[in-house]
Amino acid sequence: MHSLVKVGVLTAGGDCPGLNAVIRAVVRRALAGGHEAVGLWRGYAGLAERSYVELDMRAVSGILHLGGTVLSTSSYDPFREPDGVAKVTAAVEEDAFDAIVAIGGEHTMTITRRLHDEHGVPLVGVPKTIDNDVPCTDFTFGFDTAVQIATDAIDRLHTTAQSHDRVMLVEVMGRNTGWIAVFSGIAGGADAIVIPELELTVEEICAAINARHDRGKSFSIVVVAEGAALAFASGDKRQIRTSQETDMYGYPRLGGIGQALGKEIETRTGFETRVTALGHVQRGGTPTATDRVLATRYGITAAELAEQGEFGRMAALQGTEMTSVPLTSVEGVKHVDLDYLRIAANFFG
Ligand code: F6P
């Protein structure tokens, strides 16, 4: 067996509920194996700046249920910073890290793969995102919490929609995928779900709402994913953004499709319409029990991979089993399985 002494752990990119549960699991498993655990502040910046914190039993006590990350996070990318890679590799060597567990999204997994493959850094990846869009793994922790938050919101909007005979639109996150929209839409009994993976025109959405009202229903709930396009039967279509700027990874800043679609629906159907954009509420706060269990499984799997010297791999959930995949196979975005939308569609209109 690979002999470990010092295990680092970092959280990078956007936060999501369950990060602390992973940190706790990695640390507890490392300490139980007789190893030393060290936290790196603010993702890969912590390595480049050699900003560390000793993680003993006390440091990870009482954090299982906490949202956010006790290690802070950043989008620091050593490949984009002057001498970034040299600083990271020097820190790993001179501070004698035997393994580092990097918890992050798709971009962090790319950095992790490159540092491992191109520079021999002993890294293991753990995927995190509320969007559930990381390939090679069925579910990421944080997703269940976001879905629960969105479902709670839909439940609340249902009662007020009913009282006022209104159409209520709920805009949820998910970047270019509709996982949160489809799952919360099914769980909340949405009357229409609009996602990037399957284009629905404004005319089709309005027809579904009108059909529902024609059969005696006086209100409707529409869930729309932030990445869905505003599309028309004419073929005209556009993605709505909060600004024309992109983030540091080149992703557009999404948001606003709810308001844009809401206006179209109100004008075309004549039904009073209100819009709620849930935003970062979906990413904050305590993880659900399901996410705590999943995050704990990810953390233990990652610590075991580190202990076995299985570097360049990402912990993954396939079916009900925890396993791992080479980071080289983690590419692109995992889109919604449209079977879920077919299930949801039984309840539309
Ligand atoms: O990837 C998680 C996510 O919350 C997306 O759903 C959303 O589009 C994006 O991050 C928001 O990013 P930021 O926190 O940079 O505004």
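Counting begins at 1 with the first residue of the sequence. When a ligand or atom number is given, it counts from 1 through the structure's own listing order.
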Participant: With under 30° as parallel and over 60° as perpendicular, where do the rings of F143 and F139 fit, or are they tilted in between?
Facilitator: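 Because their plane-to-plane angle is under 30°, the rings of F143 and F139 count as parallel.
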Participant: Side-chain atoms of residues 54-67: list all donor-acceptor pairs with protein atoms under 3.5 Å, sequence neighbours left out, distances to 0.1 Å.
Facilitator:
{"unit_1": "D56", "atom_1": "OD1", "unit_2": "R58", "atom_2": "N", "d": "3.3"}
{"unit_1": "D56", "atom_1": "OD1", "unit_2": "A59", "atom_2": "N", "d": "2.9"}

Participant: Answer yes or no: is there a side-chain heavy-atom contact under 4.5 Å between V53 and V38?
Facilitator: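 Heavy-atom side-chain distance check fails, nothing below 4.5 Å.
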Participant: Among H158, H213, H164, find the one that has a ring-ring contact (aromatic ring centres under 6.0 Å, His included) with F219.
Facilitator: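 Among H158, H213, H164, the one meeting ring-ring contact (aromatic ring centres under 6.0 Å, His included) with F219 is H158.
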Participant: If we count only N and O atoms by modelled type, under 3.5 Å, do the side chains of Y44 and T108 hold a donor and an acceptor together?
Facilitator: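 Checked: Y44/T108 side chains show no N/O donor-acceptor pair below 3.5 Å.
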Participant: Pairs under 3.5 angstrom, nitrogen or oxygen on both sides, ligand 1 versus protein: list them out, please.
Facilitator:
{"unit_1": "ligand 1", "atom_1": "1 (O)", "unit_2": "D131", "atom_2": "OD2", "d": "2.6"}
{"unit_1": "ligand 1", "atom_1": "1 (O)", "unit_2": "R175", "atom_2": "NH2", "d": "3.3"}
{"unit_1": "ligand 1", "atom_1": "4 (O)", "unit_2": "R283", "atom_2": "NH1", "d": "2.9"}
{"unit_1": "ligand 1", "atom_1": "6 (O)", "unit_2": "D131", "atom_2": "OD1", "d": "2.7"}
{"unit_1": "ligand 1", "atom_1": "6 (O)", "unit_2": "G174", "atom_2": "N", "d": "3.2"}
{"unit_1": "ligand 1", "atom_1": "6 (O)", "unit_2": "E226", "atom_2": "OE2", "d": "3.3"}
{"unit_1": "ligand 1", "atom_1": "8 (O)", "unit_2": "E226", "atom_2": "OE1", "d": "3.4"}
{"unit_1": "ligand 1", "atom_1": "8 (O)", "unit_2": "E226", "atom_2": "OE2", "d": "2.5"}
{"unit_1": "ligand 1", "atom_1": "10 (O)", "unit_2": "R283", "atom_2": "NH1", "d": "3.1"}
{"unit_1": "ligand 1", "atom_1": "14 (O)", "unit_2": "H280", "atom_2": "NE2", "d": "2.9"}
{"unit_1": "ligand 1", "atom_1": "14 (O)", "unit_2": "R283", "atom_2": "NH1", "d": "2.9"}
{"unit_1": "ligand 1", "atom_1": "14 (O)", "unit_2": "R283", "atom_2": "NH2", "d": "3.2"}
{"unit_1": "ligand 1", "atom_1": "16 (O)", "unit_2": "H280", "atom_2": "NE2", "d": "3.1"}

Participant: Between Y52 and F97, how do the two ring planes meet: parallel, tilted or perpendicular, split at 30° and 60°?
Facilitator: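 Y52 and F97: perpendicular rings.
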